[in-house]
Amino acid sequence: MTSPKGRIRWHCRRALLELDLIFQDFLEVEFDRLGDEELAILEELLALEDHELWALVNGTRPIPRPHWSGMVEKLRGVRVHRRTRLTGEEGFGTLENEGEKA
Amino acid sequence: MKVAKHTFDAVIVGAGGAGLRAALQLAEAGLRTAVLTKVFPTRSHTVAAQGGVAASLGNSTPDHWHWHMYDTVKGSDWLGDQDAIEFMVRKANEVVIELEHYGMPFDRTDEGKIYQRPFGGHSMNYGEAPVMRSCAAADRTGHAMLHALYQRNVRARTHFFVEWMALDLIRDSEGHVLGVTALELETGEVAIFHAKATIFATGGAGRIYHSSTNAFINTGDGLGMAARAGIPLEDMEFWQFHPTGVAGAGVLITEGVRGEGGILRNCNGERFMERYAPNLKDLASRDVVARAMVTEINEGRGCGPNKDYVLLDITHLSPEIIMKRLPGIREIAIQFAGVDPIKEPIPVVPTCHYMMGGIPTNYRGQVVMPKNGDPNAPVPGLYAAGECACASVHGANRLGTNSLLDLLVFGKASAETAVADIKSGNLSLRELPKDAAEVSLARLARLENQKEGEPVADVLLELQRTMQNHAGVFRFKDKLEEGVQKILAVEERVRRTAIRDHSKVWNTARMEALELENLIEVAKATMISAAARKESRGAHVRDDCPDTPEFPNGRNDKEWLKHTLWFRDGNRLEYKPVNLKPLNPDTQPIALAKRTY
């Protein structure tokens, strides 16, 4: 049985900022569309250590279990750099969400 | 709402390096020890620490703890307390070797000793030459440390309360700390953790800045709880910025990239560091590089459509070198900047990295605050360690690899003090006030009943932008003063946030609203302390306090060689002296001098 979605959502809070950023977009774009089977796979991935999961997502480590491929692909598909753009309205470092305008 | 009660000898909030080290000391002393953590322990942000842990073992080059003390005092721009610094550097070998015995897989020399590598700011013979002082486990030092400590805690039967968020500190009418209230995510229930000793090890609060290398969990929960309970926050104007965070994301690009030949360029393609640091160029210290970058951006030489970042160029390096010596950098650039660094430079900005200030403690890990004329009177029953605490060993700026050392030494010391206080009978289980959970329940009820409030994410964004624009790397008088007004306006908005999800269990929206209530305390403390400190020192650099013969580097020891204490009540500021005396009367103090490298 799949855990409550809120629990899975909380488990997307990670130790590494890299993963937080990936999951921030993933939760916005993909999460609500996942079925029970996909949620169960996501939970398996979330149980991994952060460095291990990040290596799977950035492709430096091969995917050890074939049934994880689809979900890892979804995570890889999150293009954080297209979401955030600098606006510079008040000096450096101001960010604005410009959706897909990149 | 019914409030359950759990009773322990000690309760620790936070399960990163400091919390786990403290828990181990208490549990191995046979005390009933609870650790509350909002995420699973090995998902704490300590995992992200790569550099290593400093200790003058002298395995790879000659070394001495007094050289380490000198480097740390100088790094702190003389704002660090020399008793705490001496204590930390002299305990370093012991805590590192202990960790080795817990199974930490340190890198080794050919003879089998712990291998040590050089790190910025660490020197031999008082600044003469670089020293090899950092003990590391490849680039996974924090990760390996956390795992070793967690395993050891499991063996010691520490009680873990995982996915519990501490809400508020419980103090009685005499100011004694009696534990905390906490919310269990899985059930939505609030419980009281009643204890003789309470240790905060809640880590940093880097999420107050928009551009931050910190993970999302770093929301300063311990600082928020302390401030709400009337405990001041110390030296909050001092935040370390890392020069190279990916613009727009904050993800850290390690210094090693510049070590391997990476060059910073402005919009004209100019290697601008040649003008700011003719000798060291791109390898100058973090604060020098960060300020040079901001100057380029402020003077209109930034890159991109809004001219608000600079470029880190490694396109002249061979792809083999990039892949071999800078593993992971290419992936970060592709994922978060949308560029392949083999072909295109990476957009970077100085990014918030580490909080030097925090909950005031002494070198024994006791939380201290002014009382009856004593600026450092211990708060009975409360201890703090790690990034959330201000001992103060980092002063106005921290040296790399001293943060992991800090959490080991003071995690252990705070627990040792607590063990002694409990076993001597100094601390006992005091009677809980009847309204012990009232404050927390009222906060939850406010959120539950708030209609027509603002979304948490909108207010958080405004908080982060305000901090970034008004209290960033380079500070300006007018901007700081305007920033104080703006952050107080944000505070009003924090009080009116509303959440749409009112479910009881696994309500992440509620968690984020509660975290925002902690972040705002940290943000106010930072902005108000920074606006008040009219000098430049370490990481606090003001445009109106430049380098002059009277005030080298803009530092004014006559008026500002003192610690800031910010009190939430009325946003009041007090100051207390810096301890320039080492712990041991035989130890030579590190005399005031200009900080130059």
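In what follows, every chain begins at residue 1, and chains take the letters A, B, ... in the order their sequences are listed. Any value given below was found using the heavy atoms of this structure, including those in side chains, with hydrogens, waters and symmetry copies removed.
In this structure, no portion of B:Met293 lies under 4.5 Å from any heavy atom of chain A. Residue contact with chain A, scored on non-hydrogen atoms closer than 4.5 Å, involves the backbone of B:Ser212 exclusively. Heavy atoms closer than 4.5 Å to chain A are found in the backbone of B:Ser44, but not in its side chain. Contact annotation for B:Arg330: neither backbone nor side-chain heavy atoms come within less than 4.5 Å of a heavy atom of chain A. Using a 4.5 Å cut-off between heavy atoms, B:His45 touches chain A through backbone and side chain atoms alike. Residue A:Leu53 does not touch chain B at all, counting heavy-atom pairs closer than 4.5 Å. If you measure heavy-atom distances from B:Arg207 to chain A, the contacts under 4.5 Å come from the side chain alone. Contact of A:Leu27 with chain B is not made at all, since no heavy-atom distance falls under 4.5 Å. For A:Asp50, the part lying under 4.5 angstrom from a heavy atom of chain B is the side chain only.
If you tally non-hydrogen atom pairs under 4.5 Å between each of B:Ala215, B:Ala509, B:Gly142 and chain A, the highest count goes to B:Ala215. Per-residue heavy-atom pair counts under 4.5 Å with chain B were compared for A:Leu19, A:Leu17, A:Leu16, and the maximum is reached by A:Leu17. Among the candidates B:Val39, B:Leu185, B:Asp501, the residue making the largest number of heavy-atom pairs closer than 4.5 Å to chain A is B:Leu185.
Side chains of B:Thr202 and B:Lys38: a donor-acceptor N/O pair is absent below 3.5 angstrom, by distance only. Using a 3.5 Å distance cut-off with no hydrogens or angles, the side chains of B:Thr213 and B:Thr351 do not pair a donor with an acceptor.
Residues B:Phe241 and B:Tyr209 place their aromatic rings such that the two centres sit under 6.0 Å apart. Aromatic ring centroids of A:Trp54 and B:Phe336 lie under 6.0 Å apart.
Closest approach of B:Ile332 to B:Val246, counting heavy atoms only: CG2-CG2, 3.9 Å.
Relative to the six-membered ring of A:Phe26, A:Lys74 misses at least one condition, a distance below 6.0 Å or an angle of at most 45° to the axis.
With A:His11 as the partner, the side-chain contact (heavy atoms from CB on, under 4.5 Å) test is satisfied by one option alone out of A:Leu42, A:Leu46, A:Leu45: A:Leu46.
By the 6.0 Å contact criterion, CZ on A:Arg61 is enclosed, its count of non-hydrogen atoms from other residues, nucleotides or ligands being greater than 12.
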